[in-house]
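As the structure is a prediction and not an experimental result, all values here were calculated from the model. Nothing fancy with the numbering, it's 1 onward along the sequence.
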Amino acid sequence: MSQFTPVEIANWIAIYLAAGICCAIAMTLTVTVTLHGMWRDRVWENVRSVRGAVLFVPKMWWRWQKLYLLSTPVTLGIVGSFAATMSWS
């Protein structure tokens, strides 16, 4: 079993940190945009019925999920370009 060199370990840690930071930024932005969209559309007005209350959470989750999944190519591009600039030897 081959072991990683200290440079490789440091590079992998840096890549995981970069991915974590990008995901945290994406999470913050998508939650903010989702909450703003909810406020703009006044979605709480549909919660007055039982059906509206039951469907409220899945609708909001889907709204957030679409936004978050759209950030995936950007995150992969940023982390991939960061990893390409590293020296692995």
Taken in chain and number order and not counting sequence neighbours, the residues that satisfy side-chain contact (heavy atoms from CB on, under 4.5 Å) with Val33 are Leu67

Which donor-acceptor pairs under 3.5 Å do the side chains of residues 13-24 make with protein atoms, sequence neighbours left out?
none

Taken to the nearest 0.5 Å, the spacing of Thr75 OG1 from Leu70 CG works out to 11.0 Å

Tell me which one of Asp41, Thr30, Leu35 satisfies side-chain contact (heavy atoms from CB on, under 4.5 Å) with Arg63.
Asp41

Would you mind writing out the side-chain donor-acceptor pairs for residues 76-87 within the sub-3.5 Å range, not counting sequence neighbours?
{"unit_1": "Ser81", "atom_1": "OG", "unit_2": "Gly77", "atom_2": "O", "d": "3.0"}
{"unit_1": "Ser81", "atom_1": "OG", "unit_2": "Ile78", "atom_2": "O", "d": "3.0"}
{"unit_1": "Thr85", "atom_1": "OG1", "unit_2": "Phe82", "atom_2": "O", "d": "2.7"}

Looking at residues at least two apart in the chain, or sitting in another chain, which of them share a side-chain contact (heavy atoms from CB on, under 4.5 Å) with Met27?
Val31, Trp64, Tyr68

Please report, to 0.1 Å, the donor-acceptor pairs under 3.5 Å made by any side chain of residues 48-59, with sequence neighbours excluded.
{"unit_1": "Ser49", "atom_1": "OG", "unit_2": "Gly52", "atom_2": "N", "d": "3.0"}

Of all heavy-atom pairs between Glu8 and Gln3, which one has the smallest distance, and what is that distance?
OE1-O, 4.4 Å

hydrophobic_cluster_shared for Val43 and Val47, side chain cutoff 4.5 Å:
yes

Connected-component partners of Trp39 among ILVMFWY, side-chain separation under 4.5 Å
Trp44

